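All ligand and atom numbering here is 1-based and tracks the order in the structure. Since this is a predicted model, take the numbers as computed values, not measurements.
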Amino acid sequence: MKVLVVGNGAREHALVWKLLQSQRIRQIVCVPGNGGTASLERCQNLPLSVDDFEGIARFAQVNNISLVVVGPEAPLALGIADYLQRQNLKVFGPTKAGAQIEASKSWAKDLMREAGIPTANSEVFTEPEAAKAYVAAQGAPIVVKADGLAAGKGVTVAATVEEAYSAIADLFSSRVKTVVIEEYLAGQEVSVLALSDGLTVRQLLPAQDHKRIGEGDTGANTGGMGAYCPAPILTPALSARVQKEILEPTVAALKARGIDYRGVLYAGLMITPQGDPKVLEFNCRFGDPETQAILPLLETPLEDLLVACVGQKLAQQPPIAWKSGASACVVVAAGGYPESFKKGHVITGIEQAETAGAHVFHAGTQKKQQQVVTEGGRVLGVTAIGEDFDAAIAQAYAAINCIEFEGMYYRRDIGYRVRTAGKL
Ligand code: AMP
Ligand code: GLY
């Protein structure tokens, strides 16, 4: 079977790496891929843009691709699944209508309200004055969100009313036309990535990520500086509640809107101090860096699950099998990220890191001649598994010690909540 994976991050590298573990997968083409996918046997990069639907469809048809797996949200929100399906290709990833669950927060909130899904109270505004009046009435802390895709930069958790006012002013003075203002929820966050075929929904192991750049979860928000799995906060009892109270009613509500949702339904949850799960956001794709922590623990062949979703046969699949133990992914970034950073630095020690027992997933790299050079803000996701979190985390950091490039930065406290010794 030949597979085409769309995207160029560490998430896509992890998806390709996992798929290639199966001998059934003859070849994978990654569009456009990165230095990591370029280095894998049976994988080749194809330098097309992720929104070149026509080019992707043509290549897939000519080359007998049996499955297209879409990594990032942007092409899904633009309708890549609809386009490819119209060309009779099989796509793992929701249609444009389904991707609204991530691409429009107001749409997602509406769906949740309709389906009675627990989430923060919120209101939608198209005028700054009305938004400010609502903030004045509600008080702080309060959360201000841009309605559309904002690459993780559209959310302000405002500690004061003034901070919320300035977030509202900033959003409306940019291109944003609609703003969602939301009740602040306290608690601990957890990411539940579930697979859906439009009828059935199955959870992958829960994960937690670290969004902030600085140790102790401080400083600017990033695309994610590390993740670990399985997150113990999602106990079996909570997982059962998430299934009944959140995932199943969401897939049913999508179906009621005529949306056959075949892909990842990613629920970003807050577990409140009372122990209740509430939805902070939905994403329409695999999480990054959660996927890099989840997939190394997966025993079931990934293609079985993806093909079952596309063919609407998830209910017939045996239970998803997992390795015991735990995994940790530490993101290695370019100095300066998430602000400005330099590209083009030569990376050394990746092979040694892998010999030391880690999987090195490439986030922003490029292969130039025989060298791997930095190409993005997040450069690598170094993942290790172990019999427990302490072992997995120690192994990931031992592997990072082998890696060098100018200005490299990583957090030294990934997984501090789950380590026996707490912060490193
Ligand atoms: P979102 O893109 O909606 O997931 O928001 C990004 C981040 O903002 C989340 O991962 C949370 O850390 C935080 N956040 C979002 N909504 C809320 C909320 N209602 N209460 C507290 N924190 C929130
Ligand atoms: N790790 C957060 C996300 O994938 O949106």
Counting from 1 in the order shown, the ligand 1 atoms closer than 4.0 Å to a non-hydrogen atom of Lys211 are 10 (O)

Note: ligand 1 atoms sitting under 4.0 Å from heavy atoms of Leu185 are 18 (C), 19 (N), 20 (N), 21 (C)

Contacts satisfying side chain to side chain donor-acceptor pair (under 3.5 Å) that involve residues 251-273 (not counting sequence neighbours) are Glu114-Arg257, Ser191-Tyr266, Asp260-Arg262, Asp260-Gln312, Arg262-Gln312, Tyr266-Glu290, Thr272-Gln274

Quick note on ligand 2: atoms under 4.0 Å from a heavy atom of Glu290 include exactly 1 (N), 2 (C), 4 (O)

Note to self: Tell me whether the count of non-hydrogen atoms from other residues, nucleotides or ligands lying under 6.0 Å of NZ in Lys90 goes above 12.
What the structure shows: no

Taking only non-hydrogen atoms of Asn283 and a 4.0 Å limit, the atoms of ligand 2 in range are 5 (O)

Contact with ligand 2 for Tyr266, non-hydrogen, under 4.0 angstrom
yes

dist Met112:CE -> Lys105:NZ (nearest 0.5 Å) comes out at 8.5 Å

One finds that the ligand 1 atoms under 4.0 Å from a non-hydrogen atom of Tyr184 are 20 (N), 21 (C)

Counting from 1 in the order shown, the ligand 1 atoms closer than 4.0 Å to a non-hydrogen atom of Glu182 are 16 (N), 17 (C), 18 (C), 19 (N)

*asked:* Do His13 and Asn34 pair up side chain to side chain, a donor and an acceptor below 3.5 Å, judged on atom types alone?
replied: no

For the 3.5 Å polar cut-off, considering only N or O atoms, please tell me whether Lys211 and ligand 2 meet it. no

Counting from 1 in the order shown, the ligand 2 atoms closer than 4.0 Å to a non-hydrogen atom of Gly287 are 4 (O)

Would Gln292 and Thr383 count as having a side-chain donor-acceptor pair, cut-off 3.5 Å? no

Derivation of the side-chain hydrogen bond (donor to acceptor under 3.5 Å, both in side chains) call for Thr119 and Lys109 | CA-CA 8 Å; Thr119 184; Lys109 279 287 187 186; 2.8 Å; yes

Checking heavy-atom distances from atom 4 (O) of ligand 2 to each of Leu193, Asp288, Thr291, the winner is Asp288

Honestly, for Lys105 the part within reach of ligand 1 (heavy atoms, under 4.0 Å) is side chain

At under 4.0 Å between heavy atoms, what of Arg285 touches ligand 2? The answer is side chain

The ring-ring contact (aromatic ring centres under 6.0 Å, His included) partners of Tyr134 (sequence neighbours excluded) come to Phe125

Under 4.0 Å between heavy atoms, the region of Leu280 that gets near ligand 1 turns out to be both

The side-chain contact (heavy atoms from CB on, under 4.5 Å) partner of Thr250 among Leu111, Val279, Val201 is Leu111

For Asp209, the ligand 2 atoms with a heavy-atom partner under 4.0 Å come out as 1 (N), 2 (C)

So OG1 of Thr37 and CG of Leu15: to nearest 0.5 Å the spacing works out to 11.5 Å

